[in-house]
Number of protein chains: 2
Amino acid sequence: MHAEPREKIRAARKPRNRYHHGDLRHALLNEAVRTIREDGVDALTLRSAGARLGVSRTAMYRHFADKSALLSAVATEGFRLLREKLSEAWSRGGHGVKGFAAMGVAYVDFAVENPSHYRVMFGGFVRGECRDPELLTEAKGAFQLLVDALVSLQQQNRVRADDPLRLAQFVWATVHGVAMLAIDGQLQTQGAKVDDVVAYAVDRIRTGVGL
Amino acid sequence: MHAEPREKIRAARKPRNRYHHGDLRHALLNEAVRTIREDGVDALTLRSAGARLGVSRTAMYRHFADKSALLSAVATEGFRLLREKLSEAWSRGGHGVKGFAAMGVAYVDFAVENPSHYRVMFGGFVRGECRDPELLTEAKGAFQLLVDALVSLQQQNRVRADDPLRLAQFVWATVHGVAMLAIDGQLQTQGAKVDDVVAYAVDRIRTGVGL
DNA sequence: ACCTGAACACCGTTCAAGT
DNA sequence: ACCTGAACACCGTTCAAGT
């Protein structure tokens, strides 16, 4: 009978004793990201994901409205990761022109290393209505990093004094395009390595946005 | 009995009297393009496509290896259409800097007007092995148009003397990126119209590839 | 050659029921 | 609150059989 108080203390810390998981939502999200990364979006089925977590295939509906909502969470996670990579590159490059180039390379690298995840972020898998505010916030956060970098470069007189938003949209489109074509295998066939294309594109961007 | 010779003449022109269609392959392809354009890729099912053509849902397998092969044909058709639009824009613009800008606008317009079709061309729906040679040829044809335009501009001393292939890859990536972000609805949220973004991007490309 | 019809092994989603 | 199990309405694909 002296085990009971212990149980109660635990109960106080974690209000309820869940059936299988401390947090099925997180477990599902991680499993989805893992499956998508390793085997692609098509390989992600609610049935297999549930089975792998030792849970019924309908358990998911307690945590996500539907499959699209789960994919939306995966996309959100992707933008979070991307923002980290970009922020790191910008810092590592010393918040200057070098850092700007590093951001471009980091962006494409992220897409090439996680092609399926990247496609979920931009491939239209997340339907218009299911784009939850969290996803929008995270996507805007990553974009804002680019805007801030461009403003910083403008203050250093390294970038023309156009509307930073416009500049950022152009730069974003270019690296996004390189990334997309790269993971589609459309650049290798043209007899050039992806890295070289990225380097050249960053150079042309620099010329394009320069003073 | 005097109808028989007529039948035989017909048989000579068209060796066999098909069950339902003169060319089910074309009918299927058109139906697929139409469905994708109007209702998206997810709406395309072999069952409904067959039903709409008054044909069994397995009849397709006589003409395409599987659904991916059908999508590959849809993508091929897309590249054909895109090439036409680009060629027209380049000519209409007088094969010069104006034509080059017109190509960029035409490219993004095509994607925005046929978002689902465009996604089939670049969205990874066509698996690596299923990329039939016809698709590759057609895609390269559209890309070549861009290379040729850049070579022409180089001869007019309007574009820097870099490797035209590299230049074309950069330009392609940029317009592709703008197109992708546009059909993903990622540009409107940033408080700017797609047309303006395209115009600005074309301007920056021009600066980027200029002498 | 070209197409059918039944069958197979899958899906996502709903819902009454259990604890 | 959280999860289950059966059921529903779909898929793409295979294959023996028809004409």
Side-chain angles (χ1 to χ4, degrees), chain A residues 7 10-29 31-32 35-36 39-74 116 120 124-127 129-130, chain B residues 7-8 10-29 31-32 35-36 39-74 116 120 123-127 129-130:
Chain A
E7 282 299 310
R10 249 196 210 163
R13 279 202 194 136
K14 254 189 192 178
R16 284 210 123 273
N17 196 6
R18 263 81 157 226
Y19 276 28
H20 293 92
H21 291 275
D23 198 344
L24 182 57
R25 195 187 187 279
H26 263 122
L28 271 165
L29 184 52
E31 174 63 20
T35 304
I36 286 168
D39 305 316
V41 211
D42 291 344
L44 177 67
T45 69
L46 305 186
R47 295 163 126 87
S48 69
R52 216 182 277 261
L53 295 172
V55 128
S56 153
R57 53 185 166 284
T58 57
M60 185 209 102
Y61 288 91
R62 282 288 133 197
H63 303 281
F64 298 97
D66 52 19
K67 194 182 180 181
S68 181
L70 174 59
L71 287 174
S72 179
V74 170
S116 291
V120 173
F125 292 100
V126 182
R127 288 296 170 282
E129 308 84 40
C130 267
Chain B
E7 282 299 312
K8 278 192 178 167
R10 249 194 209 163
R13 277 199 194 138
K14 253 187 193 178
R16 283 210 125 273
N17 196 6
R18 265 83 157 224
Y19 276 28
H20 293 89
H21 291 277
D23 198 342
L24 182 57
R25 196 186 187 279
H26 263 121
L28 270 166
L29 184 53
E31 175 62 22
T35 304
I36 287 169
D39 304 317
V41 210
D42 291 346
L44 177 67
T45 69
L46 304 186
R47 294 164 126 86
S48 70
R52 216 183 276 261
L53 295 173
V55 129
S56 155
R57 52 183 165 286
T58 57
M60 186 208 101
Y61 289 90
R62 283 286 132 198
H63 303 280
F64 298 97
D66 52 18
K67 195 182 179 180
S68 181
L70 174 60
L71 286 174
S72 179
V74 171
S116 292
V120 173
F125 292 100
V126 182
R127 289 295 170 283
E129 309 84 40
C130 268

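Every chain is numbered from 1 and lettered A, B, ... according to where its sequence line falls, protein lines coming before strand lines. Values below: all heavy atoms of this structure, side chains included; hydrogens, waters and symmetry mates excluded. Remember, predicted model here, so these are calculated numbers, not experimental data.
- Of all non-hydrogen atoms in Ser68(A) and Phe125(A), the two that sit nearest each other are OG-O, 4.1 Å.
- Base pairing of dC10(D) is not made with any nucleotide, judged by Watson-Crick or G-U wobble geometry with both donor-acceptor distances under 3.5 Å.
- Straight-line distance from the CG atom of Leu53(A) to the C1' atom of dT4(D): 16 Å, rounded to whole Å.
- Counting heavy atoms from C-beta on, the side chains of Leu71(A) and Ile36(A) come closer than 4.5 Å.
- Which of dC15(C), dG12(C), dA6(C) sits closest to the side chain of Thr58(A) comes down to dC15(C).
- Distance, Arg62(B) CZ to dA16(D) P: 13 Å, rounded to whole Å.
- A 4.5 Å side-chain heavy-atom check between Leu28(A) and Val55(A) finds every atom pair outside the cut-off.
- Whole-Å rounding puts the Asp66(A) CG to dT14(C) P distance at 8 Å.
- Between the C1' atom of dA1(D) and the CG atom of Asp23(A) lies a distance of 14 Å, rounded to the nearest Å.
- Contact detail for Ala59(A) and Leu24(A): the closest heavy-atom pair is CB-CD2, 4.1 Å.
- Put simply, Ser56(A) has no side-chain N or O that comes within less than 4.0 Å of OP1 or OP2 on dG5(D).
- Among the nucleotides dT4(C), dT14(C), dC11(C), the one closest to the side chain of Tyr61(A) is dT14(C).
- As the counterpart of dA1(C), dT19(D) is assigned, both hydrogen-bonding distances of the Watson-Crick or G-U wobble pattern falling under 3.5 Å.
- Leu24(B) places its CG atom 13 Å from the C1' atom of dT4(C), with the value rounded to the nearest Å.
- Side-chain contact check for Leu70(B) versus Leu46(B): some heavy-atom pair is nearer than 4.5 Å.
- Summarising the geometry, the separation between CG on Leu46(B) and P on dG5(C) is reported as 17 Å, rounded to the nearest angstrom.
- In the set dG12(C), dG12(D), dC3(D), the nucleotide with an atom closest to the side chain of Thr45(B) is dG12(D).
- The separation between Arg47(B) atom CZ and dT13(D) atom P is 11 Å, rounded to whole Å.
- Applying the 4.0 Å criterion to OP1 and OP2 of dC3(D), one finds that His63(A) has a side-chain N or O inside that range.
- Closest-nucleotide positions on DNA chain C for Arg57(B) and Leu44(A) were compared, and the one nearer the 5' end corresponds to Arg57(B).
- The CG-P distance, from Asp42(B) to dC11(C), rounds to 16 Å in whole Å.
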